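What you are looking at is a predicted structure, and each value in this text was computed from that prediction instead of being measured. Lettering of chains follows the sequences in order, A, B, ..., and the numbering in each one begins at 1.
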There are 2 protein chains.
Amino acid sequence: MPSRHLKGLCFHPSKEARCVTCSLSSLCLPLSLNLEDIDQLDRIIKRRQPLKKGEYLFHQGDNFDCVYAVRSGSIKNYAMTNEGEEQITNFYLPSELVGLDGVDCDTYPVSAKALETTTVCEIPFSRLEELAVELPELRAQILRIMSKELRDDKQMMMLLSKKNAEERVATFLSNLSTRFKRRGYSPYTFRLPMSRNEIGNYLGLAVETVSRVFTRFQNNQLIAVNGKEVHILDMEQLGLLAGLVTQESSPRIASSS
Amino acid sequence: MPSRHLKGLCFHPSKEARCVTCSLSSLCLPLSLNLEDIDQLDRIIKRRQPLKKGEYLFHQGDNFDCVYAVRSGSIKNYAMTNEGEEQITNFYLPSELVGLDGVDCDTYPVSAKALETTTVCEIPFSRLEELAVELPELRAQILRIMSKELRDDKQMMMLLSKKNAEERVATFLSNLSTRFKRRGYSPYTFRLPMSRNEIGNYLGLAVETVSRVFTRFQNNQLIAVNGKEVHILDMEQLGLLAGLVTQESSPRIASSS
DNA sequence: CAATAAATTTGATCCATATCAGAGATACGA
DNA sequence: TCGTATCTCTGATATGGATCAAATTTATTG
């Protein structure tokens with residue numbers, strides 16, 4: 001087992017293999033369940049061996065049977081286009097639920113691949129549905145999570161159809177920062193689990209463009225980047241840039257005075 | 001908050017105001033419910049006065065309380081960007097459910113506006129949740145609908161980040177055609193409920209580009225257009241174009257010989 | 001640790017589509 | 001019904017980011 005140093009997203013799975021003791025429960029499915037109900041949920045959840053970087057959680061076309069909560073590490077969802085090009089549709093961080101867009105399908109509509117060593121909780125969907133019959137809070141939470149993903153998707157559509165390259169990257173970084181913060185990590189310093197290529201793919205940009213925007217942001221003291229390590233130096237400016245800003249109302253950043 | 005949608009306050013009983021007799025029930029929420037259950041659903045649904053073109057079903061920021069099934073006509077969802085620009089996130093046709101992305105919000109995250117004279121069924125969400133406790137099929141159908149919308153959103157993200165103008169418009173027309181067909185209308189001849197501007201906004205293109213692509217498609221005998229009336233002349237070619245096609249594998253349509 | 005592969009960065013050029021401008025066509029209110 | 005606002009279409013021009021090319025840095029492997 002190549003024990004690569006995963007600072008950041010490591011949750012010591014063995015010790016926290018139950019929802020009651022999991023530090024993520026307040027962000028994840030168990031949210032607003034009482035202890036007894038969490039225990040019931042616990043019983044249908046299977047903990048899997050960690051996935052190594054590049055391993056699949058499921059393939060597009062596999063029989064749909066489970067949804068997965070990321071416990072540590074990160075997952076990308078992607079579909080294959082007709083030409084065999086990959087199109088990343090989402091990245092998932094700890095506590096987030098993967099696979100919900102397959103709920104009414106026989107098969108998963110996208111593939112899910114680990115971006116790094118990743119542990120997940122496997123939740124057989126049929127059992128989850130059964131349990132949800134008895135637990136209104138669980139039901140509500142499932143709806144909430146799906147609804148949230150719907151809204152995030154609309155935001156993404158907005159990004160893709162209205163924002164320029166700088167705004168896209170700024171939005172991406174802000175968004176990651178927020179999510180890391182909610183999970184108890186620094187919103188200012190984190191490690192990108194994905195490559196520049198994957199960022200570009202996700203944001204609808206060429207790798208080269210992502211790279212150039214990173215460089216520009218560094219020149220303007222917005223961020224400091226070292227490989228996959230990112231430091232956000234000017235959160236406010238980054239947030240401003242992330243908003244939908246037209247060229248008129250906010251000139252290209254140039255001299256950050 | 002000023003009460004904006006006064007129209008909804010008065011209900012009128014009409015012949016087809018019940019799910020059991022509604023021709024859309026097989027596409028809509030009642031799908032796979034038995035007659036008795038449909039009757040229960042019926043009782044929580046309120047039919048509203050038709051909305052006239054341009055009237056709102058709800059505004060971004062209004063208190064979330066209901067989802068809506070379109071009965072006739074069409075609805076657009078849109079959000080306002082920081083600059084007051086509108087970004088259309090979806091169009092809804094009869095039998096489709098509007099408002100699901102607000103489920104875990106206090107307020108609607110987007111506005112919903114009638115594109116033409118439109119009738120809807122108003123479904124108080126809390127009542128729907130109550131009912132869903134007893135009706136597993138209803139529960140399943142709600143999940144299915146949300147899951148479907150998630151997948152459609154991913155498709156849209158793919159369109160916005162990988163397809164060129166022609167592919168976008170072809171996809172849009174094919175998609176509309178399919179939806180009209182499922183609703184019992186001709187897949188070949190239909191009336192666009194939205195303006196070119198709205199199509200462009202939705203597809204992430206300038207109006208002018210939409211217009212030009214329409215013209216090009218006509219020159220190439222793919223479609224015939226008269227104002228908002230569209231005839232699809234070559235469904236196969238349109239479908240091909242709608243797929244994710246790179247320049248290499250499919251040269252620009254030019255001489256349709 | 002060297003050797004090689006993969007990822008990232010930078011520069012130069014090109015092109016699809018935005019933007020600007022203006023001419024019909026259509027819808028709409030007085 | 002006319003007059004005006006709005007939509008749609010077409011052409012000319014500009015440009016943001018893609019693409020191509022290549023150097024450099026960072027991982028991976030034997």
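Residues satisfying the salt bridge (charged side-chain N to carboxylate O under 4.0 Å, His left out) criterion with Lys113(A), sequence neighbours excluded, are absent altogether. Here Tyr56(A) pairs with His59(A) under the ring-ring contact (aromatic ring centres under 6.0 Å, His included) rule; sequence neighbours left out. The ring-ring contact (aromatic ring centres under 6.0 Å, His included) search around Tyr108(A) returns Phe58(A), Phe64(A), not counting sequence neighbours. For Arg191(B), there are no salt bridge (charged side-chain N to carboxylate O under 4.0 Å, His left out) partners, not counting sequence neighbours. Ser174(A) meets the side chain to side chain contact (heavy atoms under 4.5 Å, CB included) test with Leu238(A), Ala242(A); sequence neighbours excluded. For Tyr78(B), there are no ring-ring contact (aromatic ring centres under 6.0 Å, His included) partners, not counting sequence neighbours. Under the salt bridge (charged side-chain N to carboxylate O under 4.0 Å, His left out) criterion, Arg196(A) pairs with no residue at all, not counting sequence neighbours.
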Counting only pairs under 3.5 Å, give me each side-chain donor-acceptor contact of residues 203-212 of chain A, with atom names and distances, residues two or more places apart or in other chains.
none

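For the helix from dC1(C)-dG30(D) to dA30(C)-dT1(D), the end axes, each set by the C1' atoms of five terminal pairs, are bent relative to each other by 60° (nearest 10°).
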Q) For every nucleotide of nucleotides 22-30 of chain C, 5' to 3': is a protein heavy atom under 4.0 Å from its base (B), only from its sugar-phosphate (S), or from neither (-)? A) ---------

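Pairs engaging residues 86-100 of chain A under the salt bridge (charged side-chain N to carboxylate O under 4.0 Å, His left out) rule: Lys76(A)-Glu86(A), Glu96(A)-Arg179(A), Glu96(A)-Arg183(A) [sequence neighbours left out].
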Under-3.5 Å N/O pairs linking protein and nucleotides 3-8 of chain D:
{"residue": "dT8(D)", "atom": "OP2", "partner": "Arg196(B)", "partner atom": "N", "Å": "2.9"}

